[in-house]
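Numbering of ligands and ligand atoms starts at 1, following listing order.
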Amino acid sequence: MTIPPFAAGTTARAVVDLAAVTHNVRALRGHAPTAAVMAVVKADGYGHGMLPVARAALAGGASWLGVATAEEALALRAGLRDVDVPLLVWLLAPGAPFAALVAADVDVTVAAPWSVDEVAAGARAAGRPARVHVKVDTGLSRNGVAPAALPDVARRLADLEAAGTVQVVGLMSHLAAADEPGHPSVDRQATAFAAATDVLHEAGLRPSVRHLANSAATLTRPDLHLDLVRPGISVYGFSPGPLLGTPGDFGLRPAMTLQARLAQVKDVPAGEGVSYGHLYTTPRDTRVGLVPLGYGDGIPRHASGGTAGPGGPVAVGSGDAARVLRVVGRVCMDQMVLDLGPDAVEREGDVVTLFGASDGVADGATVPNAQDWADAAGTISYEIVTRLGARVPRVHVHEGDHE
Ligand SMILES: *Cc1c(COP(=O)(O)O)cnc(C)c1O
């Protein structure tokens, strides 16, 4: 990736390489050659920017797009008016705008018995049949029709289908632990999914799009690819779980690079406490650098450096001076501190990289990745990229550049 120079007036930014998204979707198609790929772009494309990511994913061969909420689905359809692609939304609560979703040609999910009536009312209001995916709970115990309730839901949907009010096009479920190699729940859920398929068939429904696989199952369980896979995190170039492998193991390239300019560099004598609570004390006369990013930008406060362990990693310098430092002291709302060392050559305005690609910055140092930040904060890479705040501008590069 070619990282553009910092724009004037920018103090922090997330560079999103759309060619990496396109590349990743292509790689995912290679992992699941017999299934269609639905790129999951919920939560603003896991923090990367929903619309640019959606277009880059389509360029890589995704033939469906999936989101969680009705608002996301409607915004996605509105932003992709020039594109004919099926969209699916799966997390709806009573009162959701079913009529608007059906009118916008968004496939809706029946994930609980209450939604059958609301979908039907929405279809009548929209004046066209609702395209429905039944979401069954096969063992996640989160959203999805409970197996005990499925026969009744299937019967009611079959009646509505016969009346021309709905069209049941899909059956889906979601896995609880596919990111843990060999977890026994995966096979149990696959068996429950087959049973749910039988229940729909017995009701006379013939969903042609059956889908179960998230990123982890797309990458590691070809037997679960079915008609469609629903990768999310892997579209953005991250591994769904460190135990399964690295992005490189799966042919994936992280798309996001998070950078900031040092806002201040100054000398601090030995023995001084640094940042709120003085979790860190300078062990010698040194020089500290101020990074203008904090939890107000989505940087986890749990990645503070001090008594609880090393802070989040940041690549600084270039050439011979390139190195990876750890945040010292508390991550604050807007800022955090690096101990650059007594001989530091960094200056105010220098660019530091929290995670992502190494091009053009910190040459010679191994730039940290979002998984390193997840490890420092006790979370997963999903949360690191998705929580990145609105205050950090996303700079999309390689748009329409499909290698
Ligand atoms: C978020 C989500 C996905 C994508 O999961 P990843 O682990 O990011 O691949 C797929 N399906 C459903 C129902 C989801 O909610």
(request) For the pair Arg323 and Glu346, find out whether any cationic side-chain nitrogen is under 4.0 Å from an anionic carboxylate oxygen. (result) yes
For residues 32-52, which side-chain N or O atoms pair as donor and acceptor with protein atoms under 3.5 Å away, sequence neighbours left out?
from	atom 1	to	atom 2	distance (Å)
Asp44	OD1	Met50	N	2.8
His48	ND1	Gly45	O	3.0
His48	ND1	Tyr46	O	3.0

(message) Between Arg230 and His174, is there a side-chain donor-acceptor contact under 3.5 Å, judged purely by atom types and distance?
(response) yes
(request) Could you tell me the residue and atom name of the protein heavy atom closest to atom 13 (C) of ligand 1, and the distance to it rounded to 0.1 Å? (result) Trp90 CE2, 3.5 Å
(message) Pairs of nitrogen or oxygen atoms closer than 3.5 Å, one from Met172 and one from ligand 1: do any exist?
(response) no
(message) So for Pro231, does at least one of its heavy atoms come nearer than 4.0 angstrom to any atom of ligand 1?
(response) yes
(message) Testing the 3.5 Å rule here: is there a donor-acceptor pair between the side chains of Asn24 and Tyr236?
(response) no
Solution key, residues 83-107 side-chain donor-acceptor pairs under 3.5 Å, sequence neighbours excluded:
from	atom 1	to	atom 2	distance (Å)
Asp105	OD1	Arg128	NH2	3.4
Asp107	OD1	Arg131	NE	2.7
Asp107	OD2	Arg131	NE	3.3
Asp107	OD2	Arg131	NH2	3.0
Asp107	OD2	His133	NE2	2.8

(request) Using distance alone, determine whether Tyr46 and ligand 1 share an N or O pair under 3.5 Å. (result) yes
(message) Within ligand 1, which atoms have a heavy atom of Ile233 less than 4.0 Å away?
(response) 6 (P), 8 (O), 9 (O)
(request) Could you see which bit of Ser215 sits under 4.0 Å from ligand 1, with heavy atoms only: side chain, backbone, both or neither? (result) both
(request) May I ask you to establish whether Arg13 and Phe6 are in a cation-pi arrangement, using a distance under 6.0 Å from NZ or CZ to the six-membered ring centre and at most 45° from the ring axis? (result) yes
(message) Suppose I only count heavy atoms of Asn214 and a 4.0 Å limit; which atoms of ligand 1 are within that range?
(response) 5 (O), 7 (O), 9 (O)
(message) I need the nearest protein heavy-atom contact for atom 7 (O) of ligand 1: residue, atom name and distance, please.
(response) Tyr382 OH, 2.6 Å
(message) Regarding ligand 1, does Gly232 bring an N or O atom to under 3.5 Å of one of the ligand's N or O atoms?
(response) yes
(message) If you measure every N or O of Lys135 against every N or O of ligand 1, does any of those distances drop under 3.5 Å?
(response) no
(message) Tell me the nearest of Met38, Lys42, Arg142 to atom 15 (O) of ligand 1, using heavy-atom distances.
(response) Lys42
(message) Tell me whether Arg387 at atom CZ has more than 12 heavy atoms from other residues, nucleotides or ligands lying less than 6.0 Å away.
(response) no
(request) Mind checking whether Arg230 contacts ligand 1 via backbone (N, CA, C, O), side chain (CB onward), both or neither, at a 4.0 Å heavy-atom cut-off? (result) both
(request) Check each of Val367, Val314, Ile384 against Phe355 using the side-chain contact (heavy atoms from CB on, under 4.5 Å) test, and report the only one that passes. (result) Ile384
